[in-house]
Structures are given as C-alpha cells and as structure tokens.
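Reviewing the structure listed below.
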Amino acid sequence: MTDKTQQHSATPTELPTQYAPAEVEGKLYERWVERGYFEADENSAKEPYTVVIPPPNVTGSLHLGHAFEHTLIDALTRRKRMQGHETLWQPGMDHAGIATQNVVERELGKEGKSRHDLGREGFVERVWQWKNESGGQISGQMRRLGDGVAWNRERFTMDEGLSKAVQTMFKKLYEDELIYRAERIINWCPRCLTAISDIEVEYQDDDGELVSLRYGDGDESVVVATTRAETMLGDTAVAVHPDDERYAHLVGRTVRLPLTERSIPVVADAHVDPEFGTGAVKVTPAHDPNDFEIGQRHGLPALAVMDEHAVITVPGPFQGLDRLEARSAIVAALRAEGRIVAEKRPYVHSVGHCSRCKTTIEPRLSMQWWVKVGPLAKAAGDAVRDGRVAIHPQEMEKRYFDWVDNLHDWCISRQLWWGHRIPVWYGPDGEVVCVGPGEEPPSGAGWTQDTDVLDTWFSSGLWPFSTLGWPERTGSLAKFYPNSVLVTGYDILFFWVARMMMFGLYAMDGTPPFHTIALHGMVRDQFGKKMSKSFGNAVNPLDWMDKYGSDALRFTLARGANPGVDVPIGEEWVQGSRNFANKIWNATRFALMNGATVEGPLPVPERLSATDRWILSRLNETVAEVDAFYDDYQFAKVSDALFHFAWDEVFDWYVELSKTTFQAGGDAAEVAKRVLGEVLDVTLRLLHPIVPFVTEILWTALTGGESVVIADWPADSGFRDTAAAGEIATLQQVITEVRRFRADQGLQPGQRVPARLRLDGTPLAPHEAAIRQLLRLQPEGEAFTSTATLPVAGAEVALDLSGVIDFEAERKRLEKDLGAAEKERTQAERKLGNEAFLAKAPEDVVDKIRGRLAKAVADIERIQGQIGRLPSA
RNA sequence: GGGCGCGUAGCUCAGCGGUAGAGCGCUGCCCUUACAAGGCAGAUGUCGGCGGUUCGAAACCGUCCGCGCCCACCA
C-alpha cells in the first residue's frame, strides 16, 4: 500500500486551480499507445470485443461527424476494456475510389494537367503519394481525439492484404455465378466518366420543361411528351397501353420520327399509364431504363445518340452539341417543322445527380459488371429478421428491410483508375478468365485485363473480416470475428452496412459480421441546421479541441447522442462541458487536499454516517444506471446521469457536507476521507470512457494506480440505503428553505446570523454542525431574539434578524406558498374523493396521492403558523 | 406516389399513462480558504390545433396544420 502512495504522479499542491487540457492530452495519449493498452491479442483468453472503424476516406480530414462517431466507439471500447474484454478497435482508411480520384485530378488540373498526361500507372502512383500525405493527417486527428485504436493493426482498403481479400471475394462470387457481366442502362456521370450504382445517385426536384411533340402525320400521328427532347434522336418506338382505344388503330403500324429519316413502330405495352399525359410514350431504349425494358420486351433496337460526355454523336446538325444545347436546338428545329403541339411548360420533376460531383446523371446503355444480389440480400434480411443481428434504434429496421427486400443488382464496375482493378482477363478469341489471388494471369498475344476498377463499397463491404486477415484463416479472424457491434451513421445504412451484411454472411459461412448495429445521427449546428462548408456553419473539431480540450468536445457530443437522432452542437455547449471537466478537476483537488484516500477497505456500515451511506447508495445506483444505459447504447443518458450525479450530488452536496466533517476531525473524518476517495475513484472510472484525459490525470493522482485505461470497470456492490437517502433529502430541504429565506431577506450570502436550532428528535440532529456551516449560522449568543422561525420537517430554525428582517416580503412569500399548498390539497382531495379513481388506480398511485395530501395539509399548517408568528406591520 | 419521424421553457432536446424536465440562455445576491470555467436563490411552458379513449393524456387513437428524412423506372 505504501509503495502505491509513492507512485502518486501529482500531489495536491501540484494541481493548478484550473484544468489546462492542451498541455496534457497529447502526452497522455502517447503514453497509452507506448504501453500498448490499445493493442489486441488474438491469443488472449479474455472474451473478445471488436468494433471496426467506419473507415474515413483518405481524401479528407476528420469533421465533427467523425469526432462524434469516434467518441461513441471509443466510449464503448474503453468500457469493455475496463470490463476485462480483449478489446479491438480496428483502425483504418478507405481508398474512396471516385472521391479520391476526383481530388487528385483537381490537383492535377491546377498544374494544367489531366490524368491522361500521367498515364494510368503514373496517375495511380500520384494518388498513392497523395494518400501518404493525407492519411497522416487523419491519424493525427484521431490521436488528438483520444481514440483508443490498435494502431499496430491499421489497415487500408488498398493494402496488399485487403486487395487480396477483394480479389478472393470477386473470384468466389464469380464462380458461384453471383457476379456477371451485362449490358444494361446504368447511371452514368458525364463528368466523372464512370458508371455509378443506384444509391450513388441523389434525386432532387429540378425545374424542367415538358414539351409535347407530334410524331407521324395526320390520322397516323401521335403526341408524346418529354423533358429530354434530345433523346428523341434515339427513339425506336412509341408505346401505348394495350387497352387504350385511342391508339388501338396505330398499334403495329409505324409513324415517322421527325428530324430523322426513320419511321418507328407503335407498340402496346402495359407499362404505359394511359391516364398520364397523352397516354403515349416515346421509347429511347439506349437512354432510359424504362424504355430499355420496353425495348427488351418488344425486340426494339437500342440506338445510342450520345457519347460518354453526353454529346450528340448522331451525324447531322446536332452532332457535337452537348445534351442541353441539343435540347434547345432540337426543340427549335421541331418547332420549325410544326411538330410542337404544346409549348414548353415549366415542370418540376425528380432528376438524378452524381453524389460525388452533383452532375446530372445520364442514363446510358453500357457493359458493366454486376453482383447478383438476390440470395445475398435475402440472407442479409433474414439475419436481422431472425434476431441474429439487432438494429438500434429498432425503427431503422424497416428502412433496412425495405432496401434489402427490393434490391436491384449492384453495378460494381467503375471506369476509373484508382481502385481495385477487376481481376478478369479477356482472350483474343473472346475468352473470359477470372484470376484469383496468386494465380498467373493468362499470357500470350491478345490477352488484356479489364480496365475497370471495383466500386469502393465492394472493398468496404469486406471490412469486418478483411481487416482481420481474411481469406487466411488467421488467429485474429477466429478471435475477433464477428464484430461485437457496428457503430455508424444511418446515412450509410445501405451503402455500407447492408453490403457488409451481404458479404459477411456469404464469405464467413453464414456468420453475420456483427451482433448489433448501432446507428447514430448526423451532427448539426446549434440551431439544428445541417453543417456545410457553403453555409458557413461547419466547424473544424480541432479548433474546439484546442480551445476547450478533447474531453469537452467528446462529452458534449456524447451528451447529445440520442439513438438514431441527429445531434446539434454549439460552441457554448462545449464550453459547458469544459466547465464540467474543470469542476471534476477541482473537486478532486479538494479531495486530495483533504486527504481523501482509496487505501484499505471501505469502513463497515456501522461506522458510516448517514451522509456517507446516502452517497454510497447513490453511487451504486449510478453504476447500475450507467451500465443499463451503455448496454442500450444510450450515450446521452449515460452522460447525463454522470453529469448530474457528479455535480448535483457529489460536488454540491457530499463535498460541501464533508467540509464540516473534515473540520471536526475524529473517526467520522477518517471515514469520510475513505468514502470521498471511493466516490471519486468510482466516478472517475465511470466517466473515463467519455472523458479519458482528465479522468486519467485525476484518477492516477487520487489512487496512485498505473492508468485508469486499464482499471477495473466499477461494479454495483448492491449497497442501498433508502433511509439515509430520505434523511439527506430532508437535510437538503431544510438548508434550501433557509437559504431561500436568507436570499429573500436580502442577507449577504456570507453574513453570519445568530441562530438557535431545535433539531432534537428529528433526523437532522446529527447534522447541526453542517447546517450551521452551510447556512452561515453562528451560535445564538446571550441576547438572542428569535425574530424568524422556520419549521421544516419537524425541526425548527430560529434566526435572530433584529433590525434586518423584512416581514412584508416574507409574508408575501408565505402567502404565495400557502396558495400553492392549498391548490395541491384541493387537487389531491378531489382525486381521493373520486370513487372511480380509487377503484381503478393502482395501489401505489393512490398511496402517492395520499402522501401528497398529507404533505399539503402539513405544509398549510406550517405556513399558517409562520404567518401567524409574523409581527403585523 | 409510398414509407418513417418530428412539433414540449427564449434556443437545442429528454420524458411517451399518474403533481411538467435538462443543458445553454435569463434575473438577483455573492471572489463563502476545490472551483467566478464558480456558489446560492429565482423566473419562465393552455407539452402545434381540434375531437375521442381513460378515474386520469404531453404521452394512446382519430383528424387537421406546420416541418424533416428515406424510398420510387412522375414519359
């Protein structure tokens, strides 16, 4: 025990009166890392606890959203580590295909170059170079935040190991015929020059213009409407509903397509809504997904009229115009021919945009690789349906099911250079060979590898097990798969979570990648507005961490973390958390200055005062509460419970009451030192997962322990004392009541007032010294004149306020209180007089009302007595 | 068009069947020897509107109004 004391890293006098986070946080973090606290041992006998980081894009730096997410994950893993789990928080980053390629291309642009100037190899090399610079920035920010990740296991989606995992997965899916190549209409971004998947398209209502065109002539004509007139060059049919009598005579015939030399058939297709517009639809199979399907059903040719830049390729007057130029040019030309039957009219409709660059998507017929999601999505849905994976909050399950149950095949090829290249080789005679890891690609004349890369989310989908060494059967994989929980934003439920579910279940023989999915919301500003650079309300988390400390930022974020709900944050709130950290700091300082200790066992209950028993009881209740909230991912409630317990109960009451005890000395003081030590020790440990830095300094100073990071998580001893709790509640009531009186009377807080206390026979008798101290009451002295008497809870506090007291003010106050008490009595009486209530309400509720009535009656009597004793003015 | 969610104190949000809560902000007094990044005391709400269920509704049901989000092949 004595040598432990010598390890104290700080003596009370060394602690300054204010906590200065910036000076210590960095040092503490590096010490934790050096000591290997965050490393995870696959050979450990401890129960594993695994969380993977949602890998940040190498393109950027961390924003508040990351800080938020990391706070939650760090809190979870720190607690589990303290609970004795072999804990792995897996760090790493995502290569973020399109995003990264765009960033580097933009950089090249500034140098007046394009990626084609460097060539594929040179460009990829350049991206790697860029990644090496940017990636360090992110890890620096994570250290600053205090993320307890296993740095020795850091992974990157383009690592050799993870690339091997990607290749293995591709081949496995290919051989199971769950990957195939097909020509379909895809979402094409004419700026990124690549296909993107359905969920990478963001729809928004755009203003468009609907124009009605007449195809054919005379009786053999039909009017169609379009917002994309330029596509008419590629029309290969007009479709009408099979039952539509208006057009029955035209079905099977042809109409002349204006501006072209072609005539196109009129086909009947049930897809057409006869109620909509004219009931006739132009069909452009090469540039519209619906039209493509109609085309398939009727054997229509798909005639592409635009290139990858969305520029018209059809020879003639429109060739070389981009889609928008072509649109107006074609409308003008049609008007000249008298083909416009209804002028353009404004039309708001939903238009798809590239989620990366916001360019309007151009549906385009193209040969791409696809994942056949049917069986994968089924398994992913079932795993949640049958309870093997739980989604928090549960309301999100519905969104998840809607998506996995209605999923279209996933387009996974991208016409980019940065990413995992598709491991397929094409032979001179049309052979197709999928090459697995370690296999030699076919050699010889005419063999070439597919030039496309895979969707970024293909590799992210493998993250929960690729980071653990899959496809090798590693010890880490055996130990840490499946992950315990996935913590991520609801915004990537489809992008990432669902894909991990599909891939995890498939690659890991039906074992889902995690037991629980805990979805958090998005960080917003203090008015609930979305944070964005353009709106000017985006905040760099580093700024706030520098100003207020990482703990303050973390605590604020955790405190706003209601499950699945967006979390607003404002600078004043971070300040408030900084104040809390400082409060903990000073409370611990006080404790150390007064000899608080954690040495030796807790005193037996017989030696404890009611105050001690009360705070220990509350301490244990808090432990139980915090555990329950953590297990339910209720971070806001964890933080709130700790905030209020620490500040309102420990600091404002227990510490204040202990001052009298310490002053008096004796056994009670010795006991209080140990109890205060215990309460702070446990409270600091409870707080550590959320505010790791300040708790580390204080806990080591208080206990002499090596580090709170590896301390035991507090356990509820089961100790409860409701009698003591009631006693302290009464004490608080008396003190508050008299303070209120003092304040109403305009007495200075420090002014000493002679007082006589009559506490005999009340539970407050042992607290006389504390009451006198907290209320600044001095002994009554010889010439004591009781001018104000406050009866509270059976006790009586008589104050000598000769010459000072303002009886009128007090009378008003008392009358107001009387009114409130009478109202309370009336309400309670009415309830208790209601037979239906008595018959139907549960016993405890009725008891409660009876209690209220009794209290109201007692209050009325008391207040009336007080008023009666006031001298009349 | 379908689905989900939200309207509670000035602001941001908890509460989701038994006397309206928190943080910040606000008012007054105070540098009381841990802390002014603090202490003490205090004010503030017909819980979006209207109906209904219930002994009892902020909470449950219906409806209306106002927001937000997700999904969808709206020519």
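Each chain gets a letter, A, B and so on, in the order the sequences are listed, and its residues count up from 1.
Of the candidate nucleotides B:rG15, B:rC70, B:rA37, B:rC70 has the atom nearest to the side chain of A:Arg399.
In this model, a side-chain donor or acceptor of A:Arg578 finds a partner on the base of B:rA37 within 3.5 Å. Counting atom types as modelled, A:Gln745 pairs no side-chain N or O with a base atom of B:rA41 as donor and acceptor under 3.5 Å. A donor-acceptor contact under 3.5 angstrom links the side-chain atoms of A:Lys583 to the base of B:rC35. No N or O donor and acceptor, one from the side chain of A:Gln575 and one from the base of B:rA37, sit under 3.5 Å apart.
Listed pair A:Thr736 / B:rA41 meets the phosphate criterion, a side-chain N or O lying under 4.0 Å from OP1 or OP2. Of the side-chain N and O atoms in A:Trp647, one or more sit less than 4.0 angstrom from OP1 or OP2 of B:rG39. Contact check, A:Lys848 against B:rG18: no side-chain N or O comes under 4.0 Å of OP1 or OP2. For the OP1/OP2 pair of B:rU19 and a distance below 4.0 Å, the side-chain nitrogens and oxygens of A:Arg852 include at least one atom meeting the criterion.
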Begin from the C-alpha positions of A:Glu810 and A:Arg740 and carry the test salt bridge (charged side-chain N to carboxylate O under 4.0 Å, His left out) through to its verdict.
CA-CA 11 Å; A:Glu810 185 60 5; A:Arg740 193 230 86 220; 3.2 Å; yes
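Ranked by how close their nearest RNA chain B nucleotide is to the 5' end, A:His408 and A:Phe651 are led by A:Phe651.
Contact record, A:Thr695 with A:Val691: OG1-O, 2.7 Å, taken as the closest heavy-atom pair. Closest approach of A:Tyr203 and A:Ser350 over heavy atoms only: CB-OG, 3.4 Å.
Rounded to the nearest 0.5 angstrom, A:Asp632 CG and A:His392 NE2 are separated by 6.0 Å.
In this structure, a donor-acceptor pair under 3.5 Å is present between the side chains of A:Asp681 and A:Trp699.
Within a heavy-atom distance below 4.0 Å of RNA chain B, the residues of residues 825-839 of chain A found are A:Lys831, A:Asn834, A:Ala836, A:Phe837.
Checked against the 6.0 Å centroid criterion, the rings of A:Phe68 and A:His520 qualify as a close aromatic pair.
The ring-ring contact (aromatic ring centres under 6.0 Å, His included) test with A:Tyr19 is passed by exactly one of A:Phe693, A:Phe580, A:Trp585: A:Trp585.
Per the geometry, CG belonging to A:Asp205 stands 13 Å off C1' belonging to B:rA72, to the nearest Å. Nucleotide B:rC29 holds its C1' atom 15 Å from the CZ atom of A:Arg740, rounded to whole Å.
B:rC13 and B:rG25 have their C1' atoms separated by 14 Å, with the value rounded to a whole Å.
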